[in-house]
Amino acid sequence: MVSAFVTGAAGVRFGAAPAHGAPALSPHHADAKISADVSPVMAANNIERPMIIGVAADSGCGKSTFLRRVSGIFGTKVSQGHTPQGDFMTVICLDDFHTQDRKGRAAAKVTALDPAANNFELMYQMCKALKEGKSIMKPIYNHETGEIDPPELITPNHVVVVEGLHPMYDARMKELLDFTVYLDLSDEVKIAWKIQRDMAERGHTLDNILASIESRRPDFEAYVDPQKRDVDMVMQILPTNLIPDDTEKKVLRVRMLQKEETAVDAVYLYDEGSTIDWVPCGKKLTCGYPGIKFHYGPDTYFDNEVSVLEVDGNFAKLEEMIYVETHLNNTSTKFYGEMTQQLLKNPNAPGSTNGTGLCQVLIALKMREMYEKITGRKVLPNAA
Ligand SMILES: Nc1ncnc2c1ncn2[C@@H]1O[C@H](COP(=O)(O)OP(=O)(O)OP(=O)(O)O)[C@@H](O)[C@H]1O
Ligand SMILES: O=C(CO)[C@H](O)[C@H](O)COP(=O)(O)O
C-alpha cells in the first residue's frame with residue numbers, strides 16, 4: 001500500500017531544469033513523487049534501516065553481472081521487471097535519472113555521462129527518501145526505446161543498490177551511501193566486453209561500438225572515472241601480465257583494492273600487511289596455460305591507504321578454490337568453504353574461473369558484513 005505522495009519534497013521542483021542550463025527535463029521527472037510517510041513495507045518486512053550501496057562504472061563494465069553475484073550472497077531472489085526488487089535487495093539503475101530521452105540528448109549534443117544530462121536533485125531526494133523508509137515513484141529510462149517512461153513504484157528495502165554512471169558524483173548523494181564500489185576496466189578489456197555484448201545482443205556494428213567509446217571518452221574521463229579515487233573498494237580489470245603481447249584479452253589480471261579506513265577489515269593473503277607474491281600452481285591447484293599468480297600487499301591509491309589483492313590467470317577447477325580460500329583471511333565468510341561454495345554455485349557466470357569472479361564474491365561478502373555492522377542484524381549464509 002502506498003500512502004500520500006508529495007512532489008518536490010523539501011521545496012524542490014523535480015521538473016525544474018538543472019542549474020547547468022541543459023534543456024528542459026522530461027515531463028515524467030515532474031511526475032516523480034516521494035511518499036510523505038514511512039512506508040508500511042518497513043514494518044511489514046521488518047526493515048530496520050535500509051542500507052544504500054553505490055556501484056559505479058562505465059556502461060558494459062559488468063555492473064549487472066557483479067550485482068547478480070551480490071544478490072546470491074544476500075540470498076535474495078529479485079523480480080525481473082525494470083527495477084529488480086527482491087525480498088531483501090533492490091537494484092536501482094541510475095540511468096533512470098537521465099533528464100532527456102535519446103533524441104533529446106542527441107539534439108542537445110550531450111552524452112548520458114554529462115552531469116547536465118542527469119537529474120541529481122531528484123536522484124538525491126529519492127535515495128534519501130528510500131533511506132528514510134519512504135516509497136518513491138521513480139522515472140524509468142527505457143533502454144530499448146531510448147525514451148523516458150512514466151514513473152514506477154519503488155518501496156524501501158533492507159539493501160538498496162544504486163548502480164550506474166554517477167552514484168558518487170554528487171557530494172550529497174555520496175554522503176548517503178553506506179558502501180561504495182567502482183569497477184575499473186582498462187580500455188582493452190572494456191572494448192573486448194563491449195564488442196562481445198553489443199554485437200551479440202544489441203545489434204551494433206564494430207565501427208559503431210568503437211565510435212561510441214571514443215565519443216564518450218572525454219565525459220567518461222571528466223565525470224565518471226574520478227569517482228574511483230575515493231570509494232571503499234575498487235575492482236581493476238586489466239589484461240594479463242602472464243602472456244607477453246596478449247592480443248585476445250581473454251586472460252585477465254584483476255586487482256581488488258580495499259580502503260584501509262573502511263569499517264570492514266581488508267582481505268589479506270597469508271600475513272596481514274606483508275607484500276607477498278604467490279604462484280600456487282602445483283599439487284593443490286591445477287593450472288592450465290598461462291598459470292595463476294597472486295599478489296598481495298599495501299599500497300597508496302590517490303589519497304587513500306589501501307590493501308591490494310591481485311589475481312592474474314585462470315582457475316582450472318573451481319572446487320580447488322578451497323585451497324585458495326584456506327590462505328585468504330578476513331574474507332567475511334560465515335563458514336569455512338563459503339567463498340568456494342559461492343563460486344561453485346554459478347560456475348558459468350562471466351568471470352567465474354578468474355579473478356573477477358573471486359573478487360566479485362569477496363566484495364559481496366564485505367557488503368554483507370557492512371550490512372550486519374550497520375543494522376546489528378545477522379544475514380544467514382545462502383547455501384541455496
Ligand atoms: N567478469 C566478467 N568476465 C567476462 N565478461 C564479463 C564479466 N562481467 C561482465 N562481462 C560481460 O560484459 C558485458 C557487460 O556486462 P554487464 O551487462 O554486467 O555490464 P553493465 O555494466 O551492467 O552494462 P550496462 O550498464 O551497459 O547495462 C556482458 O556481455 C557480460 O557477459
Ligand atoms: O551509459 C549508459 C548506461 O550506463 C547508456 O549509454 C545511457 O544510459 C544512455 O542509453 P542509450 O545509450 O541506450 O541511449
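Atoms within a ligand are numbered from 1 in the order they appear, just like the ligands themselves. Values below: all heavy atoms of this structure, side chains included; hydrogens, waters and symmetry mates excluded. Numbers for residues simply follow the sequence, beginning at 1.
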Handout entry: Structural part of D58 in contact with ligand 2, heavy atom criterion under 4.0 angstrom
Key =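 No part of D58 comes within reach of ligand 2.
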Under 4.0 Å from a heavy atom of [X]: give me the atoms of ligand 2 that qualify, with their elements.
X: D95; answer: 3 (C), 4 (O), 8 (O)
X: A112; answer: 7 (C), 9 (C)
X: S59; answer: 1 (O), 2 (C), 3 (C), 4 (O)

Handout entry: S59: numbered ligand 1 atoms lying under 4.0 Å from its heavy atoms
Key =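 Answer, ordered by atom number: 25 (O), 26 (O).
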Handout entry: Close-contact set for ligand 1 against Q196 heavy atoms, below 4.0 Å
Key =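 Near Q196, the atoms of ligand 1 are 29 (O), 31 (O).
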Handout entry: Joint hydrophobic cluster, M168 plus I363, side-chain heavy atoms closer than 4.5 Å
Key =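 Different hydrophobic clusters.
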Which residue supplies the protein heavy atom nearest to [atom], what is that atom called, and how far is it?
atom: atom 1 (O) of ligand 2; answer: R216 NH2, 2.7 Å
atom: atom 6 (C) of ligand 1; answer: P350 CB, 3.5 Å
atom: atom 22 (O) of ligand 1; answer: S64 OG, 2.6 Å
atom: atom 7 (C) of ligand 1; answer: W193 CH2, 3.2 Å
atom: atom 7 (C) of ligand 2; answer: H98 NE2, 3.3 Å
atom: atom 14 (C) of ligand 1; answer: G60 O, 3.6 Å

Tell me the nearest of [options] to [atom], using heavy-atom distances.
atom: atom 9 (C) of ligand 2; options: K103, R102, R105; result: R105
atom: atom 1 (N) of ligand 1; options: T356, V55, V189; result: T356
atom: atom 30 (C) of ligand 1; options: D95, I195, T65; result: T65
atom: atom 27 (O) of ligand 1; options: H143, R197, K63; result: R197

Problem - Heavy atom of protein inside 4.0 Å of atom 12 (O) of ligand 2, strictly below - result: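 It does not; no protein heavy atom is within 4.0 Å.
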Exercise for the section: Before signing off on this row, confirm whether L252 and ligand 1 have an N or O atom pair separated by under 3.5 Å. Expected result: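 Min N/O separation from ligand 1 is not below 3.5 Å for L252.
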Practice task
Taking the six-membered ring of F220 (Phe, Tyr or Trp), confirm whether the NZ or CZ of K190 is under 6.0 Å from its centre and within 45° of its axis.
Solution key: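 Flagged: K190 positioned over aromatic ring of F220.
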Measure centre to centre between the rings of [X] and [Y], then say whether the value is under 6.0 Å.
X: Y371; Y: F88; answer: yes
X: Y169; Y: F120; answer: yes
X: H327; Y: W278; answer: yes

Practice task
Please report the shortest heavy-atom distance between Q236 and Y301, naming the atom on each side.
Solution key: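 Scanning both residues, the minimum pair turns out to be NE2-CE1, 3.8 Å.
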Problem - Exercise: identify the closest heavy-atom pair between L358 and L343 - result: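 In terms of heavy atoms, the two residues are closest at N-CD2, 4.0 Å.
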Exercise for the section: Give a yes/no verdict on whether any heavy atom in A57 is under 4.0 Å from an atom of ligand 1. Expected result: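 The answer is no, since A57 has no heavy atom less than 4.0 Å from ligand 1.
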Practice task
Could you tell me whether the side chains of T286 and E320 share a donor-acceptor contact shorter than 3.5 Å?
Solution key: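 Per modelled atom types, T286 and E320 side chains form a pair under 3.5 Å.
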Problem - No-hydrogen, no-angle side-chain donor-acceptor test under 3.5 Å, N45 and D87 - result: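 There is no such pair (donor and acceptor under 3.5 Å, judged by atom type) between the side chains of N45 and D87.
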Practice task
Could you tell me whether K63 and ligand 2 have an N or O pair separated by under 3.5 Å?
Solution key: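 It does not: no N or O of K63 is found under 3.5 Å from an N or O of ligand 2.
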Handout entry: Heavy atoms of other groups near K284 NZ, more than 12 under 6.0 Å
Key =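 12 or below, so no.
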Handout entry: K293 atom NZ: more than 12 heavy-atom contacts under 6.0 Å
Key =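 No.
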Problem - Side-chain heavy-atom pair P298, S307 within 4.5 angstrom cut-off - result: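 Heavy-atom side-chain distance check fails, nothing below 4.5 Å.
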